[in-house]
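Quick notes on the structure that follows.
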Amino acid sequence: MDFKIIPSTCSYCGTGCGVLFQVMDGRLIDTLPMKTHPVNEGKLCIKGWNLHEHVVSDKRLTSPMLKINGQLQEASWDDAIQTTADKLKAIIEAHGPDSVGVLASAKITNEENYLVQKFARAVIGTNNVDHCARL
Amino acid sequence: MQEQVREWLEQGKVDIFLGYKKIQGHPLPHCFTKDNLDETDDLIAGKARYSLEKMATKIAAEHPELKIGLLVRDCNQRALNVLYVWNQLKPDNIETLSVNCCPSKLKEHGDCSYLEPEKAAPLKMMIGIDNNMDVKTAEEFSQEDRYNRWMYELQKCLKCYGCRDICPVCFCKECSLEHKDLIATGSIPPEIPIFHLVRAVHMGGRCIDCGLCEDACPVDISLRLLYRKVNDIVSDVFDYKTGTSADQSPFNMLGEEVTLEPKPI
């Protein structure tokens with residue numbers, strides 16, 4: 001029997017509510033709001049309350065998917081990244097960098113979001129960067 | 001307190017102990033085990049209240065024979081009593097260590113500071129229901145005023161289900177609040193007042209007045225007052241004191257016999 005309470009931050013939006021994950025025998029079973037957290041003070045919205053569900057969902061993708069001959073197939077990270085890079089290069093060459101847009105995410109950290117915009121501006125060469133909180 | 005828990009774990013009186021530990025500066029619930037005995041030095045009573053008994057219920061559902069120790073305040077103890085009478089926990093498998101209660105009108109000396117609601121804001125005082133009100137004062141409003149005030153409170157609802165999710169005595173596998181024939185889906189606020197009244201009715205003979213629902217409510221609905229009223233009725237009509245009576249509440253509809261019996265006048 002193994003029961004743990006793991007403090008974490010809600011990954012749904014940019015508010016950053018403190019949550020507690022209840023982990024039993026290595027399985028994520030429930031989410032609780034953190035009472036002493038300065039942001040949410042023991043409260044959560046319905047998405048936060050069900051945070052554990054998307055982690056343990058059967059529908060969650062656990063590996064990259066590549067569309068080959070119209071069919072989505074599981075692929076390795078190397079293949080997926082190489083294919084994406086090749087396609088992006090081809091599109092930029094044919095239609096220019098502004099033909100690409102980058103959507104950042106609220107579910108990743110500040111630092112990762114910084115890298116996303118750096119990737120868009122410095123690598124691809126476009127200012128078309130936006131964020132899922134504005135969609 | 002720490003030594004007592006260490007002793008219990010060493011002697012095998014309990015297999016695990018649910019208490020609090022300071023993690024990253026926050027007093028958080030923590031599961032102490034005999035594999036990590038030195039950790040018991042970090043056991044604290046913690047100012048923030050979490051429903052340790054709800055965690056125990058979840059653990060017991062998967063490990064029925066496990067002996068579980070718990071840090072309890074009065075509210076936890078009342079919740080445990082309810083969970084015992086509804087067969088969610090076996091009293092033989094639960095060992096409790098009592099700590100000081102929260103400061104409140106009932107008890108002045110306490111460790112935990114989450115029981116008394118904050119002073120209500122002027123608008124809430126004017127058109128809503130002050131969380132600090134008692135049942136008697138809340139009933140002094142005229143019927144129309146009272147209705148409007150409660151509807152103001154209830155229309156704030158975000159339907160987060162936090163009140164149900166945090167409730168130590170909510171353990172049903174299927175919840176009426178999620179039944180699509182009873183509660184319409186797809187809009188916020190949910191159907192009021194029926195959404196809250198369904199929950200209120202289910203709290204009759206169940207609610208142990210711990211106040212966790214009100215703590216968890218993002219829009220500050222005075223839920224505790226509502227459930228107090230429901231429980232007052234259960235107490236007045238059926239003489240059933242939730243959390244201290246040794247039987248299931250008179251609203252036990254599982255089984256063949258009708259158990260609804262008003263108290264003799």
Side-chain angles (χ1 to χ4, degrees), chain A residues 1-59 106-112 132-135, chain B residues 15-36 46-52 54-68 112-114 118 157-166 188 190 211-220:
Chain A
M1 209 323 275
D2 178 46
F3 184 78
K4 283 199 192 89
I5 301 278
I6 315 275
S8 186
T9 307
C10 180
S11 56
Y12 265 122
C13 78
T15 308
C17 295
V19 295
L20 299 177
F21 287 125
Q22 298 179 50
V23 183
M24 194 174 350
D25 301 322
R27 213 161 30 84
L28 194 49
I29 56 162
D30 215 345
T31 314
L32 276 177
M34 197 194 286
K35 295 236 161 189
T36 43
H37 199 277
V39 173
N40 56 324
E41 297 180 337
K43 298 150 206 304
L44 279 180
C45 73
I46 187 156
K47 287 159 90 186
W49 270 108
N50 295 291
L51 199 53
H52 57 286
E53 283 187 359
H54 78 263
V55 179
V56 294
S57 169
D58 293 340
K59 291 180 186 160
K107 297 181 181 63
I108 59 178
T109 61
N110 260 344
E111 290 75 9
E112 286 165 327
C132 73
R134 296 198 336 140
L135 294 180
Chain B
D15 297 313
I16 59 164
F17 187 88
L18 296 171
Y20 296 96
K21 184 184 165 184
K22 210 159 212 181
I23 300 167
Q24 298 172 7
H26 295 280
L28 299 183
H30 188 75
C31 178
F32 298 86
T33 60
K34 56 173 162 273
D35 300 331
N36 215 341
K47 279 196 172 182
R49 289 181 309 145
Y50 290 88
S51 176
L52 299 175
K54 188 155 196 168
M55 293 172 197
T57 313
K58 283 188 183 135
I59 296 171
E62 298 216 0
H63 303 275
E65 297 314 317
L66 205 72
K67 291 206 179 296
I68 305 171
C112 131
S113 56
Y114 282 78
E118 284 171 19
C157 181
L158 300 174
K159 215 185 178 192
C160 71
Y161 287 98
C163 47
R164 178 202 64 183
D165 289 343
I166 207 152
I188 280 180
L212 286 175
C213 47
E214 210 169 271
D215 263 5
C217 183
V219 290
D220 210 22

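The chains referred to below are lettered A, B, ... by the order of the sequence lines, with proteins before strands, and numbering in each begins at 1.
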At their closest point, which heavy atom of A:Pro33 faces which heavy atom of B:Ile166, and how far apart are they?
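Shortest heavy-atom contact: CG-CD1, 4.3 Å.
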Exercise: identify the closest heavy-atom pair between A:Lys35 and B:Leu212
NZ-CD2, 3.2 Å
Nearest-0.5 Å distance that lies between atom [atom1] in [X] and atom [atom2] in [Y]:
{"X": "B:Asp15", "Y": "A:Met1", "atom1": "CG", "atom2": "CE", "result": "9.0 Å"}
{"X": "B:Tyr50", "Y": "A:Ile5", "atom1": "OH", "atom2": "CD1", "result": "9.0 Å"}
{"X": "B:Cys217", "Y": "A:Lys43", "atom1": "SG", "atom2": "NZ", "result": "7.0 Å"}
{"X": "B:Lys54", "Y": "A:Gln22", "atom1": "NZ", "atom2": "CD", "result": "9.0 Å"}
{"X": "B:Thr33", "Y": "A:Phe3", "atom1": "OG1", "atom2": "CZ", "result": "12.5 Å"}

Give, as side chain, backbone, both or neither, the part of B:His26 having an atom under 4.5 angstrom from any heavy atom of chain A.
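For B:His26, the contact with chain A is made by backbone and side chain together.
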Against chain A, label B:Leu158 side chain, backbone, both or neither, depending on which of its atoms sit under 4.5 Å from a heavy atom there.
neither
Using a 4.5 angstrom heavy-atom cutoff, name the option from A:Asp30, A:Ile29, A:Thr31, A:Leu32 with the most pairs to chain B.
A:Asp30
Residues in side chain to side chain contact (heavy atoms under 4.5 Å, CB included) contact with B:Ile23, at least two apart in sequence or another chain
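A:Pro7, B:Lys21, B:Leu28, B:His30.
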Between A:Asp2 and chain B, with a heavy-atom cut-off of 4.5 Å, which part of the residue counts as in contact: side chain, backbone, both or neither?
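Interface part for A:Asp2: neither.
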